**Student:** 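Below is the structure I would like to discuss, written out as C-alpha cells.
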Amino acid sequence: MNGIFLEGRSVIVAMCLGQLGSLLPHVVVPSILAAFLIPEWHLSGAQAGLLAGSGAAGYMLAVPFLATLTDRVDARKILIAGSALSALGTLLFGMFATGLWSGALFNAIAGVGFAGAYMPGLKALTDRLAPGDSSRAITLYTSSFSFGVGLSFLVSQLVAEAWGWRIAFFVTAAGPLVMLTVCFLLRPVEPKPATGRLLDFAPVFQNRNAMGFVLGYGAHCFELYGIRTWIVAFWTFVSLRNSDASILTPIVVSVVFSLLAMPASILGNELALRFGRHRAVTAVMFSSAAVALLIGICAERSPWLLLPLMLVYAITVPADSGALTSGMSMAADPSHRGATMAMHSTVGFSLSALGAWAVGIALDAAGGPQSASAWMAAFSVLAAGILLGPLALYWSRRETSQP
C-alpha cells in the first residue's frame, strides 16, 4: 500500500501525543463541577458523583465489544470512530446540557467514544511494535494518560474561568482530532483471524494470573477516579478555610497532582521489573491507603501541611498503573489479548464510576463538602477501595501457584 507510515519509536511518540489529544476532554466535568455545575444545577454530592462517573459508565458499557473487536479488525479503524464520537459527545455537552440527566447522557456518549480510543489505541500501538519493546512502551502510553489528564484539568479550568464552562467543552472537544490525525499515519495491521465468539471472555477468566492484574487495576481505578473527580472540590474546601495560601489554587494543585502521575507510573513499572510486579504493586497500594487516611485526618489543617501529603498521594495513586497494565498485557494469551484488554478496561472503568459516586455518597452522609468530617469519610472510602488490590493479587498468586 502506498503512503508514508510511522515506524518504530515514532509510533510510540505519535500515539502518546495522540492520547494527549484524546484526553483533553477527559476531566472537563470534574474540573468545573465544584465551581460551576454543582451550584448552577443544585447537585448533591451523590448526584455530582453520578454526573462525573457517567463518562466511565459509558466507557464500561462499550469497551467489552470495542476492545474485543480489535482481535478481529485493525484497532486503528476503531480508534478513528472512537475519537470522532468522543469529540461529538463533548461538543453536545457544551451545547445542550442543562442538568444532571442531560449532562450524564452527553458525558456517557463521550465515554463510549473514549472506549473506542484508549484500549484500542493500546492495541494499535502493541500491534505495531516488536515484542521486546512492549513493556516500556505500554508504560509510556499509560503514563501519558496522566499527563493528558493534567492538561485537561488546566485547560478546562482556565477556559471555564475566562469564558464560561460551556466554552471549556467546545475547546476540549477539539483534542480527539489529534488522535484522528495520528491514525492516518499508522500502517494498516490486520490481526490474525480469531476463533470463537466475539464476546467470549471464558479464556480470560481462566487466566488467573491476568485476572489478578485486572482486579488490581479495578481497585486502582476506584481510587484514582475517586480523587480525580473530587480533588478540585477538596482543595476548594481547603482554600476557603485558609486565606494564607493564595498561590495554592485548585487549578495549581489538580494540575500538579496529575502531572506527577506520569513519572510515578514509569517509576512504579521500573520497580516492578526490579523487585517483582506483585511485590511492588502491593507495597504501593498499602502506602497509598495510608496516605489517603492521613489526608483525611488532616483535612482541617494548613494547606502547607496538606500539600506535601497531596504530593506524596499524587505519586502513590498512579505508581501501580503501568505495572498493572503491562502485567496484564504480558500475562494475556496473545490470541485473546484484545479480550483481556477489554476485561481490564471494563473492570477498571466500572470501578472508576463507582469510586466517583461512592465518594459523593460519603460526603453527603458525613455533612457535605464543607465539612472536614465529610472529607475524612471520603478519603477513608478511597483507602478502603485501594486495599482490595493486594487481596486480588494475593488471590491470583495463590491460585496460579497450585498444580
Side-chain angles (χ1 to χ4, degrees), residues 12 15-16 19-20 22-23 26-27 56 59 63 67 114 117-119 121-122 125-126 134-153 210 212-229 231 257-289 291-292 312-332 340-341 343-352 355-356 382 385-390 392-393:
I12 302 172
M15 287 299 294
C16 289
Q19 188 175 205
L20 296 184
S22 293
L23 285 161
H26 191 64
V27 291
Y59 183 106
V63 77
F114 191 63
Y118 182 49
M119 278 294 159
L122 180 59
L125 173 61
T126 55
S134 289
S135 179
R136 286 186 172 88
I138 290 169
T139 299
L140 282 171
Y141 181 84
T142 55
S143 59
S144 68
F145 190 113
S146 301
F147 190 85
V149 169
L151 188 63
S152 181
F153 268 122
F213 291 114
V214 168
L215 296 174
Y217 182 71
H220 157 79
C221 287
F222 180 96
E223 180 188 39
L224 177 65
Y225 207 77
I227 186 59
R228 277 184 179 160
T229 297
I231 187 172
F257 190 96
S258 299
L259 292 180
L260 283 173
M262 185 172 185
S265 183
I266 294 171
L267 175 63
N269 188 63
E270 293 300 319
L271 291 174
L273 292 173
R274 175 175 291 239
F275 298 108
R277 213 167 284 277
H278 282 227
R279 183 181 300 172
V281 169
T282 297
V284 166
M285 288 177 165
F286 275 113
S287 300
S288 201
V291 176
V312 174
Y313 199 43
I315 294 170
T316 61
V317 169
D320 50 6
S321 176
L324 288 165
T325 302
S326 57
M328 171 277 300
S329 182
M330 288 186 289
T340 308
M341 288 180 174
M343 180 59 61
H344 189 73
S345 255
T346 301
V347 170
F349 278 78
S350 299
L351 288 171
S352 292
L382 295 175
I386 194 58
L387 286 176
L388 296 176
L393 293 175

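Predicted model, so just to flag it, every value in this text is computed and none were measured.
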**Student:** Sequence neighbours left out, what passes side-chain contact (heavy atoms from CB on, under 4.5 Å) with Leu151? Give chain and number order.
**Tutor:** Leu24, Val155
**Student:** Hey, what do you get for CE (Met343) to CG (Leu215), rounding to the nearest 0.5 Å?
**Tutor:** 9.5 Å
**Student:** Just so I know, are the side chains of Phe213 and His278 near enough to count as touching, which here means a heavy-atom distance under 4.5 Å?
**Tutor:** yes
**Student:** So which heavy atom on Ala210 is nearest to which on Ala332, and how close?
**Tutor:**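 That closest heavy-atom pairing would be CB-N, 4.5 Å.
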**Student:** Should Thr325 and Ser329 be marked as a side-chain contact (heavy atoms from CB on, under 4.5 Å) after you check the CA-CA gap, both sets of side-chain angles, and the distance that decides it?
**Tutor:** CA-CA 6 Å; Thr325 302; Ser329 182; 5.7 Å; no
**Student:** Which atom pair, heavy atoms only, marks the closest approach of Gly268 to Ala323?
**Tutor:** O-CB, 4.3 Å
**Student:** Any pair with a residue in residues 258-275 that passes salt bridge (Lys or Arg N to Asp or Glu O under 4.0 Å), sequence neighbours left out, goes on the list, sorted by first then second residue, please.
**Tutor:**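 Found Arg136-Glu270.
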**Student:** Determine, step by step, whether Leu388 and Phe222 satisfy the side-chain contact (heavy atoms from CB on, under 4.5 Å) criterion, reporting the C-alpha distance in whole Å, the side-chain angles of both residues, the deciding distance to 0.1 Å, and the verdict.
**Tutor:** CA-CA 10 Å; Leu388 296 176; Phe222 180 96; over 6 Å; no
**Student:** What residues form a side-chain contact (heavy atoms from CB on, under 4.5 Å) with Phe147, not counting sequence neighbours?
**Tutor:**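 For Phe147 the side-chain contact (heavy atoms from CB on, under 4.5 Å) partners, ignoring immediate neighbours, are Leu20, Leu259, Met262.
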**Student:** I'd like to check the ring-ring contact (aromatic ring centres under 6.0 Å, His included) partners of His344; sequence neighbours left out, ordered by chain and number.
**Tutor:** Tyr217
**Student:** Decide yes or no on side-chain contact (heavy atoms from CB on, under 4.5 Å) for Asp320 and Ile386, but give the supporting numbers first.
**Tutor:** CA-CA 11 Å; Asp320 50 6; Ile386 194 58; 4.0 Å; yes
**Student:** With distance as the sole test, does Ser345 use its side chain to make a donor-acceptor pair with the main-chain N or O of Val63 at under 3.5 Å?
**Tutor:**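 Pair absent, no side-chain N/O of Ser345 close to backbone of Val63.
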**Student:** In Å and rounded to the nearest 0.5 Å, what is the CG to CG distance from Leu382 to Leu224?
**Tutor:** 10.0 Å
**Student:** Using a 3.5 Å distance criterion without hydrogens, assess whether the side chain of Ser288 forms a donor-acceptor pair with backbone atoms of Val284.
**Tutor:**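 Judged by distance alone, no pair lies under 3.5 Å.
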**Student:** Before giving the answer on side-chain contact (heavy atoms from CB on, under 4.5 Å), spell out for Arg277 and Asn269 the whole-Å C-alpha distance, their side-chain angles and the decisive distance to 0.1 Å.
**Tutor:** CA-CA 8 Å; Arg277 213 167 284 277; Asn269 188 63; 3.2 Å; yes
**Student:** What closest approach, in Å, do Ala219 and Gly385 show between heavy atoms, and which atom pair accounts for it?
**Tutor:**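 Closest pair (atom of Ala219, atom of Gly385, distance): CB-O, 3.5 Å.
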**Student:** For Ala314 versus Leu260, what's the shortest heavy-atom pair and its separation?
**Tutor:**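 It is CB-CD1, 3.9 Å.
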**Student:** What closest approach, in Å, do Ser144 and Gln19 show between heavy atoms, and which atom pair accounts for it?
**Tutor:** OG-NE2, 2.9 Å
**Student:** Could you pull out the closest heavy-atom pair between Cys221 and Ser352, with the gap in Å?
**Tutor:** CB-OG, 3.3 Å
**Student:** Between atom NE2 of His26 and atom OG of Ser258, what is the distance when rounded to the nearest 0.5 Å?
**Tutor:** 10.0 Å
**Student:** Applying ring pair (Phe, Tyr, Trp, His ring centres under 6.0 Å) as the test, list every pair that has at least one member in residues 312-331; sequence neighbours left out.
**Tutor:**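 Counting only pairs at least two positions apart or across chains, no ring pair (Phe, Tyr, Trp, His ring centres under 6.0 Å) contact touches residues 312-331.
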**Student:** For Phe286, which residues count as a side-chain contact (heavy atoms from CB on, under 4.5 Å) partner, sequence neighbours excluded?
**Tutor:**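 side-chain contact (heavy atoms from CB on, under 4.5 Å) list for Phe286, sorted by chain: Thr282, Leu387, Pro390.
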**Student:** Not counting sequence neighbours, list each pair that qualifies as a salt bridge (Lys or Arg N to Asp or Glu O under 4.0 Å) and has a residue in residues 216-228.
**Tutor:** none
**Student:** Less than 4.5 Å apart, side chain to side chain, heavy atoms only: is that true for Met341 and Thr126?
**Tutor:** yes
**Student:** Which residues pass the side chain to side chain donor-acceptor pair (under 3.5 Å) test with Ser321, not counting sequence neighbours?
**Tutor:**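 Testing Ser321 for side chain to side chain donor-acceptor pair (under 3.5 Å), a comparison that skips the adjacent residues, returns none.
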**Student:** Report the residues that fulfil ring-ring contact (aromatic ring centres under 6.0 Å, His included) with Tyr118, sequence neighbours left out, ordered by chain and then residue number.
**Tutor:**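 Tyr118 satisfies ring-ring contact (aromatic ring centres under 6.0 Å, His included) with Phe114, Tyr141, Phe145 once adjacent residues are dropped.
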**Student:** Using the test side-chain contact (heavy atoms from CB on, under 4.5 Å), find all partners of Ser152 that sit at least two apart in sequence or belong to another chain.
**Tutor:** Val27, Ser156
**Student:** Considering residues at least two apart in sequence or located in another chain, which fulfil the ring-ring contact (aromatic ring centres under 6.0 Å, His included) criterion with Phe349?
**Tutor:**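 Tyr59.
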